[in-house]
Amino acid sequence: MKQSVILLTLLLCSSFTALPQGAASANAAAPAPTAITDTEVKNIAGPSADARAKGDPDGSLTGTVSDVSVADAKKGLTVSDIANQVGQNKIAVNFVWTLVTGFLVMFMQAGFAIVETGLCRAKNANHTMMMNFMVYGVGMLAYWLIGFAVQFGGYGANASLGGTGVLNKEFGITLFGKSFGLFGQGGFFLMQNHSYDVMVMVLFLFQMVFMDTALTIVTGSAAERWKYSAFIVSSFVMGAFTYPLFGNWAWGGGWLMNLGANFGLGHGYSDFAGSGVVHAVGGITALAVAFIVGPRIGKYTRSGRPVAMPGHDLLVVLTGCFILAFGWFGFNPGSTLGASGNGSLRIGSIAVNTMLAGMAGSFGALLYMWLRYGKPDASMTGNGLLAGLVAITAPSGFVNPVAAVIIGLVAGVLVCFSVEFVERVMKVDDPVGAISVHGTNGIWGVISVGLFADGKSNYGGSWNGVNGSVTGLFYGDPGQLAAQLIGVATLIGFVFTFSFVLNLAVDAVMGQRVSAKTELEGLDLPEMGALCYPEFEIRSGSSMEPAV
Amino acid sequence: MIALGALVTFLGFLISIFSLSLTTSPYGRLAIAIVGILVSLFGIIGILNRYYLKNPIWRR
């Protein structure tokens, strides 16, 4: 017993003597860092010429000190060269990321095109497809000429994309003692105000494809009775003014994003990838245009009861939904504008949130329709997937996976309720459900940031000029929800009114709706001069018989 | 009627903006923003939509 006590005491003493030593070694002053000199750097040896002459099957000889760019061949490799290469690599990674994800978003145009065309009748397929085809060109032209400058003219530099900060002209007013940025003034034609700049080019491409997504949404709600010429003018105006204006306020340095810095409301209006900026703007404009063009002939009976007008090709509708889901991997993760630095490694979380919300949305719509009508409806299930994707777009960078599923599930059910409300109560004809998928769920996405943002994201230590992470009501910040709701009020109160007035003007000048004769015949021949399916005889079913 | 509907819709937006000067409380601003949203929705659904439903195409 006595020996055990002595042994235990010795063991304990040795452990106590070990701790101070460990602590002492930890507390000992770390040696001062030694500066690396140009001479040392110059002496770093790369692979020999003999070794490289034998080829490089395992890649160990490629991508070494020999590949670092040297500014002065006479001086040789310097520390400055290495530092510059590090900076260039970071920006290059982020450029490639942003451009490739932008290419994915561009491909979403194909998805929208075939979803809308499939949900319309065959006699209008050429016209519907051509609207979605040319909205790309019309929108790009409007954005290049005017829209990009309005939206990003005062954007400044971006930490992920680097750049010289040439986009530095923002027009604003002073309201309640604070600066209210309203629109940019630099970057017209991508030349004005020194905007011919590598960073600006990347930003333009990425933002242009987002803008085009908003424009294409409107073609769905006005399909089957919108004059092609009116569509072109209306889309141009939207790409030049409506979309960029709200986009400036939310992303371009304007007043909405600065609600946090100026008025202490969370981190200001926060919309990671555009539930509000893209989808709600598109859906709300779609509602304004649907009001003006009116419902299709035959959509409602004389007593106002809605009549189903099924689309002509469900196969392309669901294929289009998959194309959109694929493209959304560019839409949301790409909005980090980089894969290196400033919290960009959250791209995996953002992509997973996107997937989960889309999945949950499809389940929400499928189950709702199955329980209510006894069958799993294909087109609504596709719209449920899209609704989930729309809703997660704003919160994707700020929430955890459980919240993503909840947001998507709510979106899937919400889109069904909204479609019924718009069609049966408001009696607004929306052939593809654009108002409900993008408008209603775009707004839900904006609100969900204010509820579910968990404060765990970190994009360079701040967001919209406010230190810390975006945090919603459920995690302790009611101010964030207030900022989001002011954004919603702006979407409903300002964007709708602005779109409505602009489209009323287009209607007054040239008329937005085709004649009844053209509409009944189908828009393909009268408007476009060619049938989409010339070898097939289009059969009119009872649902296509005009009620008038 | 169209002008009235557009004005009421826009008024809702202005109400939400003025929440920034009426109070500094985030809950207060939240409540006023909700009021603004409801006013705008009334302008759209209560005035503009009803106007278009008075003489719809399916009754012409």
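Values below: every heavy atom of this structure, side chains too, minus hydrogens, waters and symmetry copies.
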- Item | Residue A/Phe494 versus chain B: region with a heavy atom under 4.5 Å | both
- Between B/Trp58 and A/Pro295, which heavy-atom pair has the shortest distance, and what is it? CZ3-CG, 3.7 Å
- Note on the structure: Honestly, the part of A/Arg513 sitting under 4.5 Å from a heavy atom of chain B is side chain
- chain B shares the most heavy-atom pairs under 4.5 Å, among A/Ala516, A/Gly479, A/Ala483, A/Gly304, with A/Gly304
- Task: Can you tell which part of A/Phe498 gets under 4.5 Å to a heavy atom of chain B, answering side chain, backbone, both or neither?
- Result: neither
- Toward chain A, the part of B/Tyr27 with a non-hydrogen atom under 4.5 Å: side chain
- Query: In terms of heavy-atom pairs under 4.5 Å, which option from B/Ile37, B/Leu41, B/Asn49 contacts chain A the most?
  - Reply: B/Asn49
- Which answer fits B/Ser19, side chain, backbone, both or neither, if we ask what part of it has an atom under 4.5 Å from a heavy atom of chain A? side chain
- Separation between CZ (A/Phe263) and CZ (B/Arg29), nearest 0.5 Å, reads 7.0 Å
- Query: Is B/Leu20 close to A/Leu175 at the side-chain level, that is, under 4.5 Å between some pair of heavy atoms?
  - Reply: no
- Query: Above 12 or not: heavy atoms from other molecules or residues under 6.0 Å from CZ of A/Phe474?
  - Reply: yes
- Note on the structure: Here the gap from A/Leu287 atom CG to B/Leu48 atom CG, rounded to the nearest 0.5 Å, amounts to 9.0 Å
- Pick one: which of A/Ile292, A/Leu504, A/Val501 meets side-chain contact (heavy atoms from CB on, under 4.5 Å) with B/Ile2? A/Leu504
- B/Ile17 side, atom CD1; A/Phe176 side, atom CZ - distance, nearest 0.5 Å: 7.0 Å
- Item | Distance in Å, B/Phe18 CZ paired with A/Ile486 CD1, rounded so as to fall on 0.5 Å steps | 12.5 Å
- Could you pull out the closest heavy-atom pair between B/Leu30 and A/Pro478, with the gap in Å? CD1-O, 3.8 Å
- Check the pair A/Val495 / B/Phe13 against side-chain contact (heavy atoms from CB on, under 4.5 Å), numbers first and verdict last. CA-CA 9 Å; A/Val495 173; B/Phe13 160 64; over 6 Å; no
- Item | From CD1 (B/Ile44) to CZ (A/Phe500), nearest 0.5 Å | 9.5 Å
- Rounded to the nearest 0.5 Å, how far does CG of B/Leu7 lie from OG1 of A/Thr497? 8.5 Å
- Item | Considering all heavy atoms, the nearest A/Ala489-B/Ala33 contact | CB-O, 4.4 Å
